[in-house]
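The next block holds one structure in the form of structure tokens; read it before the comments.
Below, chain A is the first sequence line, B the second, and so on; all start at residue 1.
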Number of protein chains: 2
Amino acid sequence: MDPRTFKDQIYAGFTQIGKVVSSPKRIELLDLLSQSPKTVETLVKETAMSTANTSKHLHALLEAQLVRYEKEKNYVIYQLANEKVVDLLFAIKTIAEEQIEDVTRLRDEFIVRSDDLETITLEEWLNRRDTNEHVLIDVRPQEEYVNEHIDGALSIPIEALNEHISLLPMDKEVIAYCRGAYCVYATEAVERLKVLGYQAVRLEAGVHEWREHYHKQTDDFVRKR
Amino acid sequence: MDPRTFKDQIYAGFTQIGKVVSSPKRIELLDLLSQSPKTVETLVKETAMSTANTSKHLHALLEAQLVRYEKEKNYVIYQLANEKVVDLLFAIKTIAEEQIEDVTRLRDEFIVRSDDLETITLEEWLNRRDTNEHVLIDVRPQEEYVNEHIDGALSIPIEALNEHISLLPMDKEVIAYCRGAYCVYATEAVERLKVLGYQAVRLEAGVHEWREHYHKQTDDFVRKR
DNA sequence: TATCTATTCAACTAATTAGTTGAATAGTAG
DNA sequence: CTACTATTCAACTAATTAGTTGAATAGATA
């Protein structure tokens with residue numbers, strides 16, 4: 001095999017992964033699955049696609065070996081087959097944030113919103129967290145909380161905010177997080193809580209950022225010994 | 001704007017980046033530009049595409065804001081507009097390596113080749129490098145070496161290996177590197193050197209992996225103080 | 001000035017893709 | 001066994017895409 005053929009074939013291999021993220025709906029599916037395994041039904045509701053189209057995109061992900069499934073009762077539950085998909089999504093989002101004006105604009109307009117809707121970064125939260133003057137709430141669907149959540153967080157899904165609101169103290173700051181920097185749930189929760197008189201703040205991070213930080217800490221610890 | 005419209009638009013934004021890596025030739029262009037800025041002419045030769053098609057793909061990269069260009073004489077020189085493209089390519093390659101069998105197979109067959117063609121990782125090299133019992137050579141085109149190279153490396157482009165071979169000592173180990181884990185140049189150099197009686201070894205890393213390591217070291221240093 | 005070289009552009013073709021529709025399958029519950 | 005639910009599959013359409021060809025442009029050189 002000549003070098004050109006080798007290059008063509010190896011880049012064709014890379015492209016099998018690249019093609020996956022060339023469709024908005026497939027990126028959204030991977031984003032959702034990165035929070036927790038989900039049935040086709042759930043993915044259909046979350047993405048607002050037809051069942052057939054959702055199934056077809058999931059099979060494209062299967063072919064690229066990025067997801068796998070198991071059957072339970074008459075449901076099919078899909079999950080990520082490789083955790084590094086999270087890094088791929090992160091790389092795409094970071095570049096889009098820096099290079100695509102629309103992305104920045106949309107985020108500012110719908111997630112960050114206004115200055116009186118306070119946002120804290122992961123680092124800021126980590127510095128404050130030991131003071132015990134706040135309560136951290138996870139406003140994602142409960143199955144995502146059950147799959148993984150930030151240590152010490154309370155599960156209060158956004159649809160159940162009103163029912164569980166009695167769990168929240170008025171005298172402490174309420175810090176809400178959801179799927180990450182492009183998820184509207186935490187913004188919505190903070191806005192609704194503030195209207196009700198709570199001190200509420202949005203944490204701009206999800207479980208992946210938190211886990212990443214946690215590993216970095218552990219690595220440092222190991223290296224320092 | 002309702003939440004669904006917001007999601008559709010934000011994922012459409014991400015997809016502008018994702019679409020770029022859905023074509024093997026565009027991944028190859030980004031890969032080449034990640035080594036050094038290049039003229040259209042050079043990219044045409046490296047990718048074996050027609051000039052018109054190369055130009056068209058470069059304009060697709062321009063539209064996604066991933067490259068920029070400057071004109072010099074009657075040449076147009078393209079370069080990456082965002083260094084994080086390297087992270088994106090790395091994420092894709094890592095996943096492809098783990099999930100796509102063809103990629104692993106091709107790499108073993110054409111890069112790693114046989115057991116008597118010794119390969120060392122970046123970590124192994126970093127541990128050995130202070131012993132002064134070897135010489136490190138960069139076998140990429142000279143313009144890429146000039147743009148950035150591993151500290152202490154000698155530039156011996158693969159096409160000029162025979163001419164410059166007198167620079168290499170027979171009594172020291174020769175360690176060759178090129179663009180990274182999927183580049184054939186270093187393998188070719190090591191094979192040719194071994195035939196001529198040199199002790200030659202392939203370093204499985206490029207400037208990006210080296211730079212990444214260098215930053216991590218610096219960060220640790222800063223954090224430890 | 002005319003000529004050469006590097007690059008871009010416009011028009012076209014063949015192939016691929018996302019999405020729809022409706023039928024088929026497979027497992028569950030009555 | 002029947003009815004129901006979740007999922008997949010096949011056939012089709014409209015839109016997009018990669019690549020080609022040949023002409024156009026723009027800067028450099030003679």
Side-chain angles (χ1 to χ4, degrees), chain A residues 4-5 7-9 11-30 32-33 37-64 66-79 143, chain B residues 4-5 7-9 11-30 32-33 37-64 66-79 143:
Chain A
R4 187 63 250 169
T5 311
K7 284 186 195 172
D8 284 346
Q9 294 196 6
Y11 282 107
F14 297 158
T15 307
Q16 286 185 56
I17 303 301
K19 269 203 195 313
V20 164
V21 292
S22 71
S23 143
K25 291 300 190 180
R26 278 196 301 265
I27 298 182
E28 191 173 357
L29 286 172
L30 289 175
L32 288 163
L33 292 173
K38 287 180 170 62
T39 63
V40 177
E41 194 183 33
T42 306
L43 293 167
V44 164
K45 277 182 203 146
E46 288 273 2
T47 59
M49 278 190 285
S50 70
T51 310
N53 199 26
T54 305
S55 179
K56 217 171 70 168
H57 278 303
L58 286 167
H59 281 254
L61 298 181
L62 266 180
E63 205 167 344
L66 297 188
V67 300
R68 60 164 171 266
Y69 65 86
E70 52 196 31
K71 299 189 176 186
E72 202 180 302
K73 301 208 324 186
N74 49 345
Y75 292 87
V76 178
I77 302 172
Y78 281 83
Q79 63 178 285
E143 57 179 322
Chain B
R4 188 60 252 168
T5 311
K7 283 186 195 171
D8 284 345
Q9 294 196 5
Y11 282 108
F14 297 158
T15 308
Q16 287 185 54
I17 303 301
K19 269 202 194 313
V20 164
V21 292
S22 72
S23 142
K25 291 299 189 180
R26 279 197 300 266
I27 297 182
E28 191 173 357
L29 286 172
L30 290 175
L32 288 163
L33 292 173
K38 287 182 171 60
T39 64
V40 178
E41 195 183 32
T42 306
L43 293 168
V44 165
K45 277 183 203 146
E46 288 273 1
T47 58
M49 278 191 285
S50 70
T51 310
N53 198 27
T54 305
S55 180
K56 217 171 72 167
H57 277 303
L58 286 168
H59 281 254
L61 298 181
L62 267 180
E63 205 167 345
L66 297 188
V67 300
R68 60 164 171 267
Y69 65 87
E70 51 196 32
K71 299 189 176 184
E72 203 181 300
K73 301 207 324 184
N74 49 345
Y75 292 87
V76 179
I77 302 172
Y78 281 83
Q79 63 178 285
E143 57 178 323

Send over the distance from [X] [atom1] to [N] [atom2], rounded to a whole Å.
{"X": "Gln16(A)", "N": "dT16(C)", "atom1": "CD", "atom2": "P", "result": "14 Å"}
{"X": "Tyr75(B)", "N": "dG27(D)", "atom1": "OH", "atom2": "C1'", "result": "12 Å"}
{"X": "Leu62(B)", "N": "dC9(C)", "atom1": "CG", "atom2": "P", "result": "10 Å"}
{"X": "Glu41(B)", "N": "dA6(C)", "atom1": "CD", "atom2": "P", "result": "4 Å"}
{"X": "Ile77(A)", "N": "dG27(C)", "atom1": "CD1", "atom2": "P", "result": "15 Å"}
{"X": "Lys73(A)", "N": "dT5(D)", "atom1": "NZ", "atom2": "C1'", "result": "11 Å"}
{"X": "Asn74(A)", "N": "dT5(D)", "atom1": "CG", "atom2": "C1'", "result": "6 Å"}
{"X": "Leu61(A)", "N": "dT7(D)", "atom1": "CG", "atom2": "C1'", "result": "16 Å"}

### Query
Does CD in Glu63(A) sit with more than 12 non-hydrogen atoms of other residues, nucleotides or ligands closer than 6.0 Å?
no
### Query
If every non-hydrogen atom of Ser22(B) is compared with every non-hydrogen atom of Ser22(A), which pair is closest and at what distance?
CB-CB, 3.5 Å
#### Entry: Shortest non-hydrogen contact between Ala64(A) and Val20(A), atoms and distance
CB-CG2, 3.5 Å
### Message
Under 4.0 Å between a side-chain nitrogen and a carboxylate oxygen: does that hold for Arg4(B) and Glu28(A)?
### Response
yes
### Message
Under 4.0 Å, heavy atoms only, any strand: does Thr39(A) hit a base, just the sugar-phosphate, or nothing?
### Response
sugar-phosphate
List every contact pair, protein side and nucleotides 19-25 of chain C side both N or O, where the distance is under 3.5 Å.
unit_1, atom_1, unit_2, atom_2, d
dG19(C), OP2, Asn53(A), ND2, 3.2
dG19(C), OP2, His57(A), NE2, 2.6
dG19(C), O5', Asn53(A), ND2, 3.2
dG19(C), N7, Lys56(A), NZ, 2.5
dG19(C), O6, Lys56(A), NZ, 2.8
dT20(C), OP2, Ser50(A), OG, 3.3

### Query
Within the pair His59(A) and dC9(D), is there a side-chain N or O less than 4.0 Å away from OP1 or OP2?
yes
### Task
Please state whether the phosphate of dT8(C), meaning OP1 or OP2, lies under 4.0 angstrom from any side-chain nitrogen or oxygen of Tyr78(B).
yes
Could you pull out every donor-acceptor pair under 3.5 Å between side chains of residues 49-57 of chain B and any protein atom, sequence neighbours left out?
unit_1, atom_1, unit_2, atom_2, d
Ser50(B), OG, Asn53(B), N, 3.1
Thr54(B), OG1, Ser50(B), O, 2.8
His57(B), ND1, Arg26(B), NH1, 3.3

### Message
Under a 3.5 Å distance rule, please check whether Lys38(A) uses its side chain to pair with a backbone N or O of Ile77(A) as donor and acceptor.
### Response
no
### Message
Test side-chain contact (heavy atoms from CB on, under 4.5 Å) on Tyr69(A) and Leu62(A); report intermediate values, then the result.
### Response
CA-CA 9 Å; Tyr69(A) 65 86; Leu62(A) 266 180; 3.7 Å; yes
